[in-house]
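To keep things clear, I will list the structure first and then write my remarks on it.
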Amino acid sequence: MRANSVLRGAYKNIIVDNPIKSVQLVTLDRPKALNALNNELMAEFNDILNKAQSDGEITSVVLTGSDKAFAAGADIKEMKDISFVEAYKRDFLSSWNLIRDFRKPIIGAVSGYALGGGFEIAMATDILLASESAKFGQPEINLGIIPGGGGTQRLIRAVGKAKAMEMILTGRMIKAQEAYDRGLISQVLPNDQLLPAALKIAEEIATKSSISVQAAKESINAAYEMPLSEGLRFERRLFHQLFATNDQKEGMSAFIEKRKPSFTNE
């Protein structure tokens, strides 16, 4: 399912290709470090997201790693000697928030270890799939620190306070099936079916109106940060605004005429 055009030389730590015309596949590629997330890799990832955001041909991104590790965490060697003053003045890890602000869907496909920062990046994706070999955890407590890329905030929203406390305070990992049972991931698949399944979802999303897809993502994410009354109002306003698009007219006309819609993303 891989495309002929693969950007292997453009980035040092990431492989980018387009196995489907409108879908960008991003593969973390630091195998000797189990895809540990160093500053260089995250700068490359942010550059990819910025370019994908402005590329009208790209409707979604699939993010994956290797069979052995999605990402085994932030690069500890790089962090070890950072002082408080340096971390505070640099606002260390703030650049990781770009994935949160990315407006198009990101589908995570996790095999092997997704630990620490790797788990945090996985949780920041919009749809998360995992293979049967996947293991998730926030082991920062074993290093004398806490999660700093969103782990204490996103995990509690995904699995509840008690389980988040247990995982973060003990550093214990959970397997893919437990992650699925707790609603952290949407599917558990055999290793060889993981990436095809993620690409299939991305391909299906590509058939929809990109305007309504982005509006839906924005509204769902807003639910995390708004009271219900404000969230309902926010959703309703986006719903109203979509009636100003050509895609709304096309979608409803196609439904009435019993044909497939031809969206122009306008």
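Quick caveat, the model's predicted, so the values are computed rather than measured. Residue numbers count from 1 along this sequence.
- Under a 3.5 Å cut-off, the side chain of Gln138 and the backbone N or O of Leu115 do not form any donor-acceptor pair.
- In this structure, Glu178 pairs ionically with Arg172, as a charged nitrogen and a carboxylate oxygen lie closer than 4.0 Å.
- In the displayed structure, Lys175 atom NZ is contacted under 6.0 Å by at most 12 heavy atoms of other residues, nucleotides or ligands.
- Looking at Lys104, its side chain does come within 3.5 Å of a backbone N or O of Ile58 through a donor-acceptor pair.
- The backbone N or O of Asn46 lies less than 3.5 Å from a partner atom in the side chain of Asn50, making a donor-acceptor pair.
- Not a single donor-acceptor pair under 3.5 Å links the side chain of Ser219 to the backbone N or O of Ala216.
- Within a 6.0 Å radius of CZ in Arg157, other residues, nucleotides and ligands contribute more than 12 heavy atoms.
- Between Ser186 and Tyr180 the shortest heavy-atom distance is O-CE1, 3.3 Å.
- The hydrophobic clustering, which links ILVMFWY residues whose side-chain heavy atoms are closer than 4.5 Å, places Ile211 and Val61 apart.
- Between the side chain of Asp247 and the backbone N or O of Thr264, at least one donor-acceptor pair lies under 3.5 Å.
- With Glu78 contributing its side chain and Asn39 its backbone, the two residues share a donor-acceptor pair below 3.5 Å.
- Between the side chains of Asn35 and Tyr113, no donor-acceptor pair of N or O atoms lies under 3.5 Å.
- A side-chain donor-acceptor contact under 3.5 Å links Asn13 and Glu40.
- Atom NZ of Lys68 sits in a sparse spot, with 12 or fewer heavy atoms from other residues, nucleotides or ligands closer than 6.0 Å.
- Taking 4.5 Å as the limit, some side-chain heavy atom of Gln177 sits within range of a side-chain heavy atom of Asp181.
- The main-chain N or O of Ala52 is never found under 3.5 Å from a side-chain atom of Gln24 such that the two would form a donor-acceptor pair.
- Under a 3.5 Å cut-off, the side chain of Asn246 and the backbone N or O of Asn265 do not form any donor-acceptor pair.
- Proximity of the aromatic rings of Phe243 and Phe239 is defined here by a centroid distance below 6.0 angstrom, and this criterion is met.
- Judged by distance alone, the side chain of Glu120 and the main-chain N or O of Gly151 form a donor-acceptor pair under 3.5 Å.
- Salt bridge absent: Asp29 and Lys12 never bring a charged side-chain N and a carboxylate O closer than 4.0 Å.
- With hydrogens and angles disregarded, no donor-acceptor distance shorter than 3.5 Å links the side chain of Glu57 to the backbone of Ser22.
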